[in-house]
Amino acid sequence: MPFSFRNLSVRRKLTVIPMVTTTVTLAVAGLLYLTFDFFSLRRDLKHDLGLLAETLGTTSEAAVIFNDEAAATQIVRSLSLKPNVVAAFLYGTNDQLLIEYDRDSTPSAAISRPAATLAMTSGLLVEERPIVVNGQRAGRIVIYADQEELRARLRRAATIGALVVLVSLAIGLLLSSTLQRLISEPVVHLADTSRRISEDKDYSVRATVTSGDELGVLTQAFNEMLDQIESRDRALTRLSSNVQQLYKLSTAMQEPLSLVDHLAHVLESARQVVAIDRLALWVLSSDTRQLMAFAGAGYDEEDWSLVRDVRIAITESRELEDVFSGGVPVLFHEDRPIPSALLGHRSSTSGVKCLLAVPMIARGKPIGVLTADNRETCEQIQRNTADLLQIFASHAAVAVENARLFRELEEKGSQLEIASRHKSQFLANMSHELRTPLNAILGYTELIRDQIYGQVPAKIQEVLERVEISGRNLLGLINHVLDLSKIEAGHLTLSTTDYSMRELVHVAVASLESLAAEKGVQLHARVSPSLPTGVGDERRLTQVLLNLIGNAIKFTDHGEISVEASSSNGSFCVAISDTGAGIAAADRERIFEPFQQGDSSSTKQKGGTGLGLPIARTIVEMHGGRIRVESEEGRGSRFEFTIPIRADLRRD
Amino acid sequence: MARDHVPERHVARTWALAMCRIATVTVVLGTAAIARAQVSQEYALKAQALYNFLLFVDWPDDAFPNPAAPIRLCVLDADDFAQTLDSVVANRQVKGRSVTVSRLKRLDVDGCHALFVPGPASEELRQIAASKNVEVLTVGDTVECVRKGAIIGFYTDRNRLRFEINPEAAAAAKLKISSKLLGMARVSPAAVKP
């Protein structure tokens, strides 16, 4: 900030202003005095000199008349008594120089300064008087005087003036620096106070009133302003805390879980907002039609244990029936006795004077009562409070009702879940039981075909082959069902090992190559040469690959199938593309659901359980990966799954 | 010129001789003139001084018959001086009065305001000093005159004409002599009592 008088502190200003005023005034007065003194002194000097010339002229009349140098010398010599007279010239008749006087030369010495030189010398006062005798000009006298006396006197006056200014400045500084406090201190105090308030945001601070002048009035007004700010601040804080509590209440009530805790918390908040001693929430049980205390706030432990145990059949209590039937809050007080059950049958000792019962209505049905009571006075339970509590009660009613519905849903859900789990268990068991005899059938069939039991005619050989194919299909189906039921029963686990994705792909391609060749379909594998070692369930991942490649071969009649594997961003990406029939857009969502396939007619042709893709999806997801499909009907499909290189083995 | 053939040297000698003669004549004649001139110059100075005295002397009012009456200067037995004085005072006024010069053959100072007595003339002076109610400024030719009773007397100091004043005599004649004049003069050490 550039230096400016405006930016000086009040303290400085109050010191500087009188100083400047004093200095200027004194300087002006001094200058005026000096000027006046100078001119009056000069006038006096001139006057004196004139008088001197006059006197000398008169005195020298005879000397001039008689042209008497000696007498004139006598007269002129008296000038030595006047130190300011530099020179004098006495002229006689016909303007002849009669005698000269020079202050600076000895009387005998020759005159060193001719009159002309003197006249040229500046700063000299000149007085000339004619000498008139008998009405005739007999001669003249000229006197030159310097103004040394004037200068000396001016110098002295200036010195004294400067001293006076200095001394009065010093005294002024002393006085003003002392007296300025009378004004500056209240101002500085006020400024300090306001700065402290704005910095600390503490509006309880007050400035001290020290004087009865305008500054006092200012300070008083400042304090009153602070009073207003403080009271407004308090009102605002109260209002905002109310709003905040209400907001908390309504958000808490949206939360259906641990309802009792929430309600207790909410009741406590509500109690603080409306300044009520105790709040309790009574809920009407749907089966027994009894009111029971559900949550409370402001109760001590003993009271709460009493109240908690109370069960009120609403049919027994006329007063409560009124509350429910009216649907509006009812205030109980001295003239309208409080139902003692609501106080845990301790009306006599609890000292409760007032109780407000607000019905809780959800979907038009009364589901409970909110009670608010005060010990000392009914004052707090005013209209506003009742309105507030009514709003609160309706929110609470919705919350309680929601909770009840939620609980019912939850109960139903868990029953369903148990049933589903039984089914899975049954399936798993069944699959196992099915597989054992099937293995025996397949084993024996194979033995027969290998002619262990003797020659088998070609016709029977053909039949046996069909038996074996059907048996293997059935085994595949049973395996899939087993896997699926394991998945649904939550029994499928991954056993993680290090694996090479490159190897997995090659193994899967190699094992299916012959199948592809049979159908006349080309099968390529394109694996990035530098794939890192992965961590996951090698067997299950192979299962996924086999399933996806097998599907591709199954649904592709000509063209080619390519398997690509790459890695990026810590994931493997494997894509199986074919040039087969493709999948209709409507089916693309369903194919990953159990027991669903694409076009059911084609499935009939191709066979398959419809369980492969759901299982593949589950395995990929258990590895923390994702699987998806892109397809265009008639142009082919592309299945692509990504799994983290190091599977974090989520069980989902 | 007829003397064209005359040698220059001869001419020069002739001129020198002529000049010598002239100088000789001038010196002889001049010496006499100077002696006479000295006397007349002394009178001239004294006449001028006498006139100047009038400027610094006040007569009582009854010394004049009317305010415009002239100041009458009387000279005893000295026509030369009177003549000089005539030329000094001609057409001059002192304090509004004209100045006249009267030649006295005998000592009759009635109507005179100032009297110049040439030479020693001590007897006349003594008479005037002795007579009462004579308001006349008596001026003597020498300082001796003051001893004899004159108010002012001349003397010479270092070739300058100076004067002596006897204030008591002036007071006796009821004349006021300006201090300015007194400042110029030698004041008599002891006034002579008649």
Side-chain angles (χ1 to χ4, degrees), chain A residues 50-82 85 88-101 107-111 127-143, chain B residues 41-42 44-59 64 67-68 70-71 73 88-99 113-114 137 139 151-165 167 170 175-187:
Chain A
L51 218 59
L52 186 66
E54 199 83 50
T55 312
L56 274 183
T58 313
T59 316
S60 357
E61 274 173 15
V64 169
I65 290 291
F66 287 98
N67 206 22
D68 189 338
E69 274 177 41
T73 307
Q74 284 290 334
I75 293 165
V76 159
R77 197 169 286 159
S78 67
L79 283 173
S80 63
L81 292 172
K82 284 274 185 185
V85 173
F89 299 88
L90 188 63
Y91 297 89
T93 35
N94 303 325
D95 221 18
Q96 271 185 321
L97 185 62
L98 186 59
I99 194 78
E100 296 172 59
Y101 164 79
S108 60
I111 290 306
E127 276 299 326
E128 180 176 338
R129 285 288 184 282
I131 298 169
V132 178
V133 182
N134 190 30
Q136 283 189 317
R137 187 187 160 109
R140 62 186 173 103
I141 184 160
V142 184
I143 299 183
Chain B
Q41 196 188 353
E42 190 189 325
L45 285 173
K46 285 181 178 171
Q48 180 64 46
L50 183 60
Y51 170 77
N52 284 347
F53 291 155
L54 302 182
L55 301 173
F56 299 100
V57 175
D58 283 333
W59 279 263
F64 298 97
I71 298 174
L73 298 182
V88 170
V89 305
N91 300 323
R92 293 172 103 168
Q93 286 200 328
V94 175
K95 292 165 192 165
R97 298 174 194 275
S98 55
V99 182
H113 294 104
L137 177 70
V139 179
I151 296 171
I152 300 176
F154 291 106
Y155 70 94
T156 307
D157 178 27
R158 272 170 280 175
N159 284 329
R160 270 197 74 101
L161 183 68
R162 296 196 165 275
F163 49 91
E164 184 177 309
I165 294 177
L175 298 178
K176 278 184 197 156
I177 295 179
S178 164
S179 63
K180 295 168 190 167
L181 190 61
L182 285 171
M184 304 288 302
R186 190 168 77 189
V187 176

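Here the structure is a predicted model, which means the values were calculated and not measured. Every chain is numbered from 1, with letters handed out A, B, ... down the list of sequences.
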*Asks:* Return the minimal non-hydrogen interatomic distance between A/R140 and A/D95, and the atom names on each side.
*Replies:* NE-OD1, 2.8 Å

*Asks:* Chain B contacts: which residues in residues 60-70 of chain A have a non-hydrogen atom closer than 4.5 Å to it?
*Replies:* A/E61, A/A62, A/A63, A/I65, A/F66, A/N67, A/D68, A/A70

*Asks:* When you measure from the centre of the six-membered ring of B/Y155, is the NZ or CZ of B/R162 closer than 6.0 Å and no more than 45° off the axis?
*Replies:* no

*Asks:* Given a strict heavy-atom distance threshold of 4.5 Å, which part of B/F163 is in contact with chain A: side chain, backbone, both, or neither?
*Replies:* side chain

*Asks:* Can you give me the closest heavy-atom contact between A/G57 and A/I131, atom names plus distance?
*Replies:* O-CG2, 3.8 Å

*Asks:* For B/K176, does the NZ atom have more than 12 heavy-atom neighbours from other residues, nucleotides or ligands under 6.0 Å away?
*Replies:* no

*Asks:* Indicate yes or no: does B/D157 engage B/R186 in a salt bridge with an N to O separation below 4.0 Å.
*Replies:* no

*Asks:* Just give me the residue among B/L161, B/V94, B/L181 that pairs up with chain A most often, heavy atom to heavy atom, under 4.5 Å.
*Replies:* B/V94

*Asks:* Does the structure place the NZ or CZ of B/R92 under 6.0 Å from the centre of the six-membered ring of B/Y51, at an angle of no more than 45° from the ring's axis?
*Replies:* yes

*Asks:* At their closest point, which heavy atom of B/M184 faces which heavy atom of A/A71, and how far apart are they?
*Replies:* SD-CB, 3.4 Å

*Asks:* At a 4.5 Å cut-off on heavy atoms, which part of B/Q93 comes close to chain A: side chain, backbone, both, or neither?
*Replies:* backbone

*Asks:* May I ask you to check whether over 12 heavy atoms, not counting those of A/Q136, lie within 6.0 Å of atom CD?
*Replies:* no

*Asks:* Which of the residues A/T59, A/I75, A/T58 is involved in the greatest number of heavy-atom pairs with chain B at under 4.5 angstrom?
*Replies:* A/T58

